[in-house]
Amino acid sequence: MNLANKLTILRVILVPIFIAFMTIDALWAKIAGLLIFIIASLTDMLDGQIARKRNMITTFGKFADPLADKMLTTAAFLVFMQQDIIGAWPVFIILVREFAVSGIRLAAAAEGEVIAASFWGKFKTVTQMLSIVVGIILMCIPQIPLNITALIIQILVWICVVFTVISGVEYVVKNWKLMKLK
C-alpha cells in the first residue's frame, strides 16, 4: 500500500469522526469538525499530487479516491440537512450524479477500462469542499443569525449542484458507449 492510497484511506476514516463532531451542539465541536474536514480535504489534494509525482497511480487509487471524496462531501451535506440548513433536493441531485458516475465507472471496469476523474469532476469536488468549509465557518460565527448562515450555505450548495450536474452530464456523454443500451 503506497502513501497516496494510505492518505485516501485516512480520508475515509476521518469521515465518521467529522460527522460525530459536527452533530455535537457546541462551538468547539464545530471547530473540531471544520479542522477535520479541512485535513481530510487536503489529503485529497496530497494523494493525487503524490501519486502523480512518484508514479504511484493505482487502480485502487482511481476507484478509492473519488469514493472517499464522495463520502466526505456527502457526509457534510447530510449534516447540513440534518441540522435543517439545506433541504433534501440538492443532496438528492448530488447523490444521483454520484451514483450515475459510479455506475459508469463500474461499467468501464467490466470492459477493462478505468475512468479517471475529469476536470469537471475535480472542479465539482473542489467547489463542494470549499462551499462546505465556508458553510462550517459561518456556523462557527454566533454573531451571524442562523437564517443568514443557512441562506448563504443554501446558495453555495446550489452552486455546487450546478457544477455537479455539469460534471455528471460530461461523464454520461463521454462514456455513453459503455452503457450498451440495446
Taking the side chain as everything from C-beta on, heavy atoms only, tell me whether Asp47 gets closer than 4.5 Å to Lys6. no
In plain terms, say whether Asp65 and Arg11 are close enough for a salt bridge, that is, a side-chain N and a carboxylate O under 4.0 Å apart. yes
Where do Ala88 and Met81 come nearest, in terms of heavy atoms and distance? CA-SD, 3.6 Å
Taking all atoms of both residues into account, what is the closest heavy-atom pair of Lys30 and Ile24, and its distance? NZ-O, 2.8 Å
Whether over 12 other heavy atoms sit under 6.0 Å from Asn55 CG: no
For Ser41 and Met129 the tightest heavy-atom approach is OG-SD, 3.5 Å
Run Leu34 and Phe18 through side-chain contact (heavy atoms from CB on, under 4.5 Å) and show every step you take. CA-CA 8 Å; Leu34 172 65; Phe18 163 74; over 6 Å; no
Test side-chain contact (heavy atoms from CB on, under 4.5 Å) on Arg97 and Lys70 and set out the steps. CA-CA 10 Å; Arg97 182 266 185 208; Lys70 291 170 190 167; 4.2 Å; yes
Any side-chain heavy-atom pair of Ser131 and Val157 under 4.5 Å: no
Atom CH2 of Trp89: over 12 foreign heavy atoms under 6.0 Å: no
Return the OG1 to CD1 distance between Thr149 and Ile137, rounded to the nearest 0.5 Å. 11.5 Å
List the steps, then state whether side-chain contact (heavy atoms from CB on, under 4.5 Å) holds for Leu3 with Arg54. CA-CA 10 Å; Leu3 178 58; Arg54 297 183 183 178; 3.6 Å; yes
Cluster check Ile13, Leu35: I/L/V/M/F/W/Y, side chain < 4.5 angstrom: no
Within-4.5 Å side-chain heavy-atom neighbours: Leu72 and Leu14: no
Using 0.5 Å steps for rounding, measure from the CD atom of Glu170 to the OG atom of Ser118. 3.5 Å
Same apolar cluster: Val162 and Val172, side chain cutoff 4.5 Å: no
CE/Met71 to OG1/Thr8 distance, rounded to the nearest 0.5 angstrom? 11.5 Å
State yes or no: do Val96 and Leu67 share one hydrophobic cluster built from I, L, V, M, F, W and Y residues joined by side-chain heavy-atom distances below 4.5 Å, directly or via other members? yes
Same hydrophobic cluster for Ile19 and Phe80, using side-chain heavy-atom links shorter than 4.5 Å among ILVMFWY? yes
In terms of relative ring orientation, are Phe123 and Phe163 parallel, tilted or perpendicular, with 30° and 60° separating the classes? perpendicular
Taking side chain as C-beta onward, heavy atoms only, is Trp120 less than 4.5 Å from Thr125? no
Of Lys124, Glu98, Gln128, which is the lone residue that meets side chain to side chain donor-acceptor pair (under 3.5 Å) with Thr164? Gln128
For the student: nearest non-hydrogen atoms of Thr127 and Cys160, plus distance: O-SG, 3.6 Å
So, taking the atom named CD1 in Ile85 and the one named CG in Asn147, what distance separates them when rounded to the nearest 0.5 Å? 11.5 Å
Would a single hydrophobic cluster contain both Leu130 and Phe77, if residues Ile, Leu, Val, Met, Phe, Trp and Tyr are joined by side-chain heavy-atom contacts under 4.5 Å? no
Walk me through it: do Gln82 and Thr23 pass the test side-chain hydrogen bond (donor to acceptor under 3.5 Å, both in side chains)? CA-CA 9 Å; Gln82 183 258 341; Thr23 55; 6.0 Å; no
State, yes or no, whether a side-chain contact exists between Ile86 and Val91 at a heavy-atom distance under 4.5 Å. yes
Hey, what do you get for CD1 (Ile152) to CD1 (Ile144), rounding to the nearest 0.5 Å? 6.0 Å
Do you know which two heavy atoms are closest between Phe21 and Ala32, and how far apart they sit? CD2-CB, 3.6 Å
Taking the side chain as every heavy atom from C-beta outward, state whether Met22 and Phe37 have any atom pair closer than 4.5 Å. no
In Å and rounded to the nearest 0.5 Å, what is the CD1 to CG distance from Ile148 to Leu138? 10.5 Å
Measure from the side-chain N and O atoms of Tyr171 to the backbone N and O of Gly121, and report whether any donor-acceptor pair falls under 3.5 Å. no
Pair Leu27-Ile31, side-chain contact (heavy atoms from CB on, under 4.5 Å): steps then yes or no: CA-CA 6 Å; Leu27 180 59; Ile31 293 170; 3.9 Å; yes
Are Phe60 and Ile9 close enough that some pair of their side-chain heavy atoms sits under 4.5 Å apart? yes
Compare every heavy atom of Val12 with every heavy atom of Ala68, then report the nearest pair and how far apart it is. CB-CG2, 3.6 Å
For the residue pair Thr74 and Leu95, establish whether any side-chain heavy-atom pair is separated by less than 4.5 Å. yes
